[in-house]
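Read through the structure below, which is laid out as structure tokens, and then see the notes.
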Amino acid sequence: MPDSGYPWPIETSRLDNGLRVVVSEDRTAPAVAVNLWYDVGSRHEPAGQTGFAHLFEHLMFEGSVNVAKTEHMKLIQGSGGSLNATTNPDRTNYFETVPAEHLELALWLEADRMGGLVPALTQETLDNQRDVVKNERRQRYENVPYGDAWLRLLPLLYPPGHPYHHATIGSMADLNAADLATFQAFHQTYYAPNNAVLTVVGDASAAEVFALADKYFGALPARDDIPSAPDGRSVPATGQPAVETVTADVPAPRVYIAHRGHPFGSPGYDVLTVLATVLGSGRGSRLYQRLADGERIAQPDLVAAYGVDLAHAPAPLIATATARPGITAERLAEGLAEVVDELATVPVTAAELDRAKALLSTAWWRQMSTVDGRADTLGRYATQFGDPARAAERLPAWLAVTAEQIAEAATDVLGAADRVTLTYLPEETA
């Protein structure tokens, strides 16, 4: 496989109402992936409206002007397709993969809920989905061991008022306090064609997709006054480490170390991506070799390091380990910090660098191996960087990272003075 990053054709167009349309034709199989990226995530939410972007991920499946409640799913799945949606701080995306002959159906469904959700949104639907989100919060964050780690790390990493200070699940108090009109206004503000990118990858020509996009989306009005998200690019360094210890119903001590790095898509983030892979991806990583296999203070399957792909502020780099039986949280935290700190002083070897780049190459081509993976990637680069073709930069950028750059990044980013440490203690040891 070539290292060019994206060896398929890319064609783009923009409708008169501002909708950007990206097409990558691939006749390998008679299937198409349809992906809509909306430039709205939790970072756009004003005070008092946290959780709104994520709630709309649910509401968008609950019916629109011409589509009955739950019918979107029934129509796609009944046509042999699959579908889902996700929300993160930067965006909300909706996607389906269908047999190529059902491309028109998928585009009609997406256009109907872009332009026709608000007239179909009822108080009953809103109340029902608020309850669904509350239950999701309980199942994913509150009632599972270590489940609220992300909710705790974000406020430690980003100060109040920063767009990444709160998680996408939001505040249940905010969701409960808002009335139907407030939610309708949120949709009308952000779910506009000029705030979205439509990407289609697979067995369809650009001309066909452009014509269908204009047919179904072209009459939807643009929104002229879409508010920008707060500027989060600068996070003042406190010069003081942030430390939080949580006593909870967890099976073993666990420690998270987190640092603010560089925005996704920047050269600095590419270096930190390779650094995180060296540090904590798999059995050949430094964390595994030192803490799980060497000192045997961490559970083998519960050591890791990773970056979080946030594009509009210094994005987090997180390292974590869970203690073996009999190992204290203090000993685990000490060992974890030692391995992180040594990235600045113990040079990455050629073998470590080659291994990390091989893992990243495999992950990249796994993403590129499916039409839905490519559609999501092109939608991301069109939305966040204005050009889907910039996706081709990512893999070559990783492959160009040097050991010297990793050492410099470790020195610049991973210093203990601005570190976040989150520790979980089992209740019986408190």
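Side-chain atoms are counted along with the backbone in the values below, which use heavy atoms only and exclude waters and symmetry mates.
- Counting only N and O atoms by type, the side chains of Arg254 and Thr322 include a donor and acceptor under 3.5 Å apart.
- Side-chain atoms of Thr50 come within 3.5 Å of backbone N or O of Ser171 as a donor-acceptor pair.
- Between the side chains of Gln139 and Asn143, no donor-acceptor pair of N or O atoms lies under 3.5 Å.
- Two residues are said to be in side-chain contact when any heavy atoms from C-beta on lie closer than 4.5 Å; Thr421 and Tyr256 fail this criterion.
- With respect to the salt-bridge test (charged N to carboxylate O, under 4.0 angstrom), the residues Glu352 and Arg355 do not qualify.
- Around CG of Asp16, the count of heavy atoms belonging to other residues, nucleotides or ligands within 6.0 Å does not exceed 12.
- Proximity of a side-chain donor or acceptor of Arg286 to a complementary backbone N or O of Val339 within less than 3.5 Å is not detected.
- Of the possible polar contacts, none joining the Thr370 side chain to the Arg366 backbone as a donor-acceptor pair under 3.5 Å is found.
- Within the 4.5 Å cutoff, side-chain heavy atoms of Leu153 are placed close to those of Val420.
- Arg233 and His312 share no donor-acceptor pair across their side chains, judged by distance under 3.5 Å alone.
- Annotation for Pro388 and Thr12: closest pair CG-CG2, 3.7 Å, computed over non-hydrogen atoms.
- A donor-acceptor contact shorter than 3.5 Å is absent between the side chain of Asn17 and the backbone of Pro193.
- When ring centroids are compared, Phe56 and Phe52 stay outside the 6.0 Å threshold.
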- Can Asp39 and Arg91 be said to form a salt bridge (Lys or Arg N to Asp or Glu O under 4.0 Å), step by step? CA-CA 5 Å; Asp39 191 9; Arg91 57 94 185 106; over 6 Å; no
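- Asp112 and Tyr216 form no side-chain donor-acceptor contact under 3.5 Å, judged by distance and modelled atom types alone.
- For Glu124, the CD atom sits in a loose shell: 12 or fewer heavy atoms of surrounding residues, nucleotides or ligands are nearer than 6.0 Å.
- Note that Arg380 lies outside the cation-pi zone of Phe385, set by a 6.0 Å cut-off to the ring centre and a 45° limit from the axis.
- Side-chain N/O atoms of Tyr288 and Asp301 include no donor and acceptor closer than 3.5 Å.
- Side-chain contact between Phe217 and Leu36: present, with at least one pair of heavy atoms (C-beta onward) separated by less than 4.5 Å.
- For the pair Arg14 and Phe210, the cation does not sit on the ring face, since its NZ or CZ is not both under 6.0 Å from the ring centre and inside 45° of the axis.
- Side-chain contact between Thr97 and Val32 is absent, with no heavy atoms from C-beta onward closer than 4.5 Å.
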- Show the numbers, then the answer: is there a side chain to side chain donor-acceptor pair (under 3.5 Å) between Asn128 and Thr125? CA-CA 5 Å; Asn128 174 266; Thr125 297; over 6 Å; no
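- In the model, Ser369 has no side-chain atom that pairs as donor or acceptor with a side-chain atom of Arg374 under 3.5 Å.
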- Apply the test side chain to side chain donor-acceptor pair (under 3.5 Å) to residues Tyr94 and Asn84: give CA-CA distance (whole Å), side-chain angles for both, the deciding distance (0.1 Å), then the verdict. CA-CA 6 Å; Tyr94 302 84; Asn84 212 328; over 6 Å; no
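- Residue Leu156 is tested with His165, Glu244, Arg419 for a side chain to side chain contact (heavy atoms under 4.5 Å, CB included); the sole match is Glu244.
- With 3.5 Å as the limit, one finds no donor-acceptor pair spanning the side chains of Glu62 and His72.
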- Message: Between Val133 and His54, is the side chain to side chain contact (heavy atoms under 4.5 Å, CB included) condition met? List the steps.
- Response: CA-CA 8 Å; Val133 171; His54 173 251; 3.9 Å; yes
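- Remark: the Thr273 side chain and the Asp270 side chain contain no N/O donor-acceptor pair separated by less than 3.5 Å.
- Side chain to side chain, Tyr381 and Arg390 fail the donor-acceptor criterion of an N or O pair below 3.5 Å.
- If you check the side chains of Asp376 and Asn93, you find a donor sitting under 3.5 Å from an acceptor.
- No side-chain donor from either of Tyr424 and Asp249 sits under 3.5 Å from a side-chain acceptor of the other.
- Looking at Arg138, Arg130, Arg137 one by one, the single match for side chain to side chain contact (heavy atoms under 4.5 Å, CB included) with Met172 turns out to be Arg137.
- Ring-plane geometry between Tyr164 and Tyr158 is classed as perpendicular, the angle between the planes exceeding 60 degrees on a 0 to 90 degree scale with a lower cut at 30.
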- Message: Is there a side chain to side chain contact (heavy atoms under 4.5 Å, CB included) between Trp364 and Tyr6? Walk through the geometry before answering.
- Response: CA-CA 10 Å; Trp364 177 260; Tyr6 197 88; 5.6 Å; no
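- Of the inter-residue distances, the one linking Glu104 atom CD with Leu109 atom CG reads 11.0 Å to the nearest 0.5 angstrom.
- Side-chain contact check for His58 and Glu136: at least one donor-acceptor pair (N or O, by modelled atom type) lies under 3.5 Å.
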